[in-house]
2 protein chains.
Amino acid sequence: MDSVAADKLEQDKGDQGLRVTPQPMRRQVEEGLRAAIIAGRFAPGQHLPDRLLCELFGASRSVVREAVRLLEAESLIVVLPNRGPFVAWLSSSEAAQIYEVRGVLEALAGEGFAIRATDAERAELRAVYERLAAAGEASDRAELLAIKRDFYAVLLRGCRNPMVARMLDQMLNRNSQLRATSLSEPGRLPHTVAEIRRVVQAIEHRDPEGAWEACRHHVKRAAAVAIRILREREERDGTPYGREA
Amino acid sequence: MDSVAADKLEQDKGDQGLRVTPQPMRRQVEEGLRAAIIAGRFAPGQHLPDRLLCELFGASRSVVREAVRLLEAESLIVVLPNRGPFVAWLSSSEAAQIYEVRGVLEALAGEGFAIRATDAERAELRAVYERLAAAGEASDRAELLAIKRDFYAVLLRGCRNPMVARMLDQMLNRNSQLRATSLSEPGRLPHTVAEIRRVVQAIEHRDPEGAWEACRHHVKRAAAVAIRILREREERDGTPYGREA
DNA sequence: GGGAGGAATATTGACGGACAATCCGTCAGC
DNA sequence: GCTGACGGATTGTCCGTCAATATTCCTCCC
C-alpha cells in the first residue's frame, strides 16, 4: 500500500515518477511510525512519549510531533491533552463502524476496477488470487497477510480512483491487527478464498454490479468474524484500556 | 459540523460533555485555518508561508506547522517539498472521485439514519428540510449553505456512525467551494429541494433502502452540476494553477 | 531589447534549549 | 485508609540557529 501513501505527496501530478526527491526526515518518521503501528509492534493503548520516539527515530522533537499530527489525523494515534500520543485502540462498536465504511468503499473500488481496469491489471488480480487459493491452511499468518495486502494494492490501483484508494487504505490500516487475527481464525481461510474468487470472477466478466456485491459480501463476512473475536476478547479482558463508552 | 470535529478529540468517550478542557493553541489554529479555507477566504492554490500564518494567528512556528500537518492529512492543504503549504485545489477528475465517495458515504449515513435515529432526530431533519423548502430562489447563497450544513449536521449525528460522519465531513469540507457554486446555480434549487424531500420521506417511512437510494441520487445530481461547472471553468481559464495531470 | 547567468534574499526543514502548566506517583499526615 | 502536599516527568509553546533549497532581481553579454 506504499503506492497509495506515496500518491498523497503530490496532488495529481503527471506521475513520471522519475523525480529523485530526498525524502524529508519527517516523512521517514511518519512512515516508520505508521508501519510500526500497523505491524502491531506497539500494543494498542501504549503510550508513546516524545522522548521515546525521538530516540527511536533519531529525530528532533519538532519532527516527531509533526509526524504524530499526521497519524493523529489518520486515527492511528490518539493524542490525549497534556498526556501525549497513544497508539489507537478499537472498541467492538468502532470496529463495526469501520467495517461498515470499508464495505461500501471496497465495493466502490471493486465496481470501479470492473469498469476501468486494464486487461493486464485483471490478470494481475487473478494471479494474486491464485496465490491466495494455493496457500494452504499451513501458511503462516504473515504470508496470508502479505498476499491480501498485494490483492488490495492491485485493486486500489486498478479502480482508478485515488480518493477511494486513500480512504480505503486508511480503513485497512486502522483495523490491521483485527484483520491479522481474523485471517488466522481456524476454518476461515476457505471462506475467504471463496469470497475473493467471487470478486475476481465478477471482475473478469466485467460485471460491475456483481463485483460490488461480491466485495460487500466479503467485507460483511470478515466483519462478522472480526467483531465476534473482538467481543470475546473484551468480555475476557474487560473493556481494555479502560475507555469504552 | 463542529460536533464531528470535536468528537475526534476524545476517542469514544462516554460524552457527558462536562469536561472543561482548555483548547490548546494548536487546536485553535487548526480550526481557524480549516474554517478559513472552507469558507473560501483563501484562494485555492494560494501559498501560505509559515510567517504569514504565524502573524495571522499570533502563534509560533511549531504550532502553525503542526496544525498544517493535520490539514495536510485532510487534504485541505497540499505541502510541496521545500516550497511549503498551499491551499488545496480541485481538478474536475478529482472532484468526480470525491463525489463518487461522497455518494456511498452519504447513502450509508442516510440508511443508518433511517434505521437508528430517534423520533426527535427525524423531526429535526424534517424541520431543516422545511427551512430549505421555504427558502425561495431569492435567498442568498450563505443562507442556503447554512441550511444544508445544518441538514448534514443532523444527518451525521443521527446515523449513529461517527466513522461515516468523520469521513463524510471531510468530503464535504474538501469540496465546500464547489457546493457553494452549484447550490447557487440558477434553476437548481427546486431540484435540490425535491431530492432532499425524497430523503426525508424515506427516512420518515423508516425505509433504509429508499433513504440509501435517495441519498445516492441526490449526490449524483449535485455531482453532475458541480463537475459541469468545474469543467467549464477549466476550459475558460485553462487548467488552473498549472498543475493538472 | 531580450535572454543567460549569477548574486542576494526569502523560505523551508531541522535542531536544540528553555520555560510554564499539567499530570503522575509517592509519601507524610490525619 | 483516605487526604493532601511534594517532586519528577511530560507536554505545550516559544525562541534562536543553521544548512539547504527557491525565488527574485540584477547584471552582463549577445
Side-chain angles (χ1 to χ4, degrees), chain A residues 6 8-11 13 18-34 42-43 45-73 76-88 241-243, chain B residues 6 8-11 13 18-34 42-43 45-73 76-88 241-243:
Chain A
K8 191 169 44 179
L9 243 180
E10 41 252 350
Q11 173 162 345
K13 67 155 186 192
L18 299 174
R19 289 277 291 281
V20 274
T21 15
Q23 285 293 63
M25 181 72 72
R26 178 187 64 254
R27 199 67 59 182
Q28 292 180 42
V29 174
E30 173 205 331
E31 282 166 16
L33 189 50
R34 185 189 290 115
F42 299 115
Q46 180 178 343
H47 191 190
L48 301 176
D50 289 10
R51 196 166 304 273
L52 173 74
L53 297 177
C54 288
E55 288 175 13
L56 215 54
F57 290 100
S60 74
R61 242 180 114 202
S62 1
V63 172
V64 165
R65 288 175 64 93
E66 287 183 36
V68 165
R69 284 315 149 206
L70 272 170
L71 299 197
E72 182 192 9
L76 287 176
I77 282 182
V78 180
V79 178
L80 270 9
N82 288 317
R83 305 227 287 127
F86 294 77
V87 180
Y241 324 116
R243 296 188 46 84
Chain B
K8 192 168 46 179
L9 243 181
E10 41 250 351
Q11 173 162 345
K13 69 157 182 188
L18 298 174
R19 288 278 291 281
V20 275
T21 6
Q23 285 294 62
M25 180 75 71
R26 179 188 62 254
R27 199 68 58 183
Q28 292 180 40
V29 174
E30 174 205 331
E31 282 166 16
L33 189 50
R34 185 190 289 115
F42 299 115
Q46 180 178 343
H47 190 189
L48 301 175
D50 291 13
R51 197 165 304 271
L52 173 74
L53 297 178
C54 288
E55 288 174 14
L56 215 53
F57 291 99
S60 74
R61 249 181 105 200
S62 355
V63 171
V64 165
R65 290 174 65 92
E66 286 183 34
V68 166
R69 286 313 150 206
L70 273 170
L71 299 197
E72 182 192 6
L76 286 176
I77 281 183
V78 179
V79 179
L80 270 11
N82 289 316
R83 305 225 288 128
F86 294 76
V87 179
Y241 323 116
R243 295 187 47 83

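Only this structure's heavy atoms are used, side chains among them; waters, hydrogens and symmetry mates stay out. Sequence lines set the chain letters: A, B, ... in the order given, protein chains first and strands last, and positions in each chain run from 1.
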Side chains of A/Leu71 and A/Arg34: closer than 4.5 Å at any heavy-atom pair? yes
Considering all heavy atoms, the nearest B/Val63-B/Arg26 contact: CG1-CA, 3.6 Å
Residues two or more places apart in sequence or in another chain: which of them pass ring pair (Phe, Tyr, Trp, His ring centres under 6.0 Å) with A/Phe86? A/His47
Mind jotting down which residue pairs meet the salt bridge (Lys or Arg N to Asp or Glu O under 4.0 Å) criterion with at least one end in residues 50-64 of chain B? Sequence neighbours excluded, please. B/Asp50-B/Arg61, B/Asp50-B/Arg65
Mind checking side-chain contact (heavy atoms from CB on, under 4.5 Å) for B/Leu56 and listing every partner two or more places apart, or none if nothing turns up? B/Phe42
Mark up nucleotides 11-16 of chain C, 5' to 3', with B wherever a protein heavy atom is under 4.0 angstrom from a base atom, S wherever such an atom reaches only the sugar-phosphate, and - elsewhere. SBBBB-
